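Being a predicted model, the structure only gives us computed values, none of them experimental.
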Amino acid sequence: MKVIDKAVRKTYRFSCPNCGSKLEAECQELVDIGGKVSRFFCPVCRKDRYVSWGELRKKTIYEADNVTR
């Protein structure tokens, strides 16, 4: 058995419900407030906004993605 790629970190992609900006955040930047809703700071609106878990798209970044070729 051999390890092909090693996951480095997980990020989430989503759109701001107010301004529609496409954003990407790491796990620690999203605050779970309960009821399957997370709070985040939108840098475009410059305010705290709320997004449901269903709108988050998980992206896993692997060790091989960090290597420049």
Holding to ring pair (Phe, Tyr, Trp, His ring centres under 6.0 Å), I want the full list of residues that pass it with F14, two or more places apart in sequence or in another chain.
F40
Nearest atoms (heavy-atom pairs only) where S21 meets V44
OG-CG2, 3.4 Å
Provide the closest heavy-atom pair for E29 versus E24 in the form atom of the first, atom of the second, distance.
OE1-O, 4.2 Å
Quick check for you: to the nearest 0.5 Å, what is the distance between R9 atom CZ and I61 atom CD1?
3.5 Å
So, taking the atom named OG1 in T11 and the one named CD in E26, what distance separates them when rounded to the nearest 0.5 Å?
7.0 Å
Kindly compute the distance separating NZ (K59) from CZ (R13), expressed to the nearest 0.5 Å.
4.0 Å
So which atom in E55 and which in S15 form the shortest heavy-atom distance, rounded to 0.1 Å?
OE1-O, 4.5 Å
Looking at R46, is its backbone amide N or carbonyl O close enough to the side chain of R49 to form a donor-acceptor pair, meaning the two atoms are under 3.5 Å apart?
no
Would you say N18 and C42 make side-chain contact, with heavy atoms under 4.5 Å?
no
Are side-chain heavy atoms of V51 and L56 found at a separation under 4.5 Å?
yes
Going through the checks in order, is the side chain to side chain contact (heavy atoms under 4.5 Å, CB included) test met by Y50 and I33?
CA-CA 9 Å; Y50 302 91; I33 62 168; 3.6 Å; yes
Is there a side-chain contact between L23 and P43, using heavy atoms and a 4.5 Å cut-off?
yes
First locate atom OG of S38, then atom CH2 of W53, and finally report the distance between them rounded to the nearest 0.5 Å.
6.5 Å
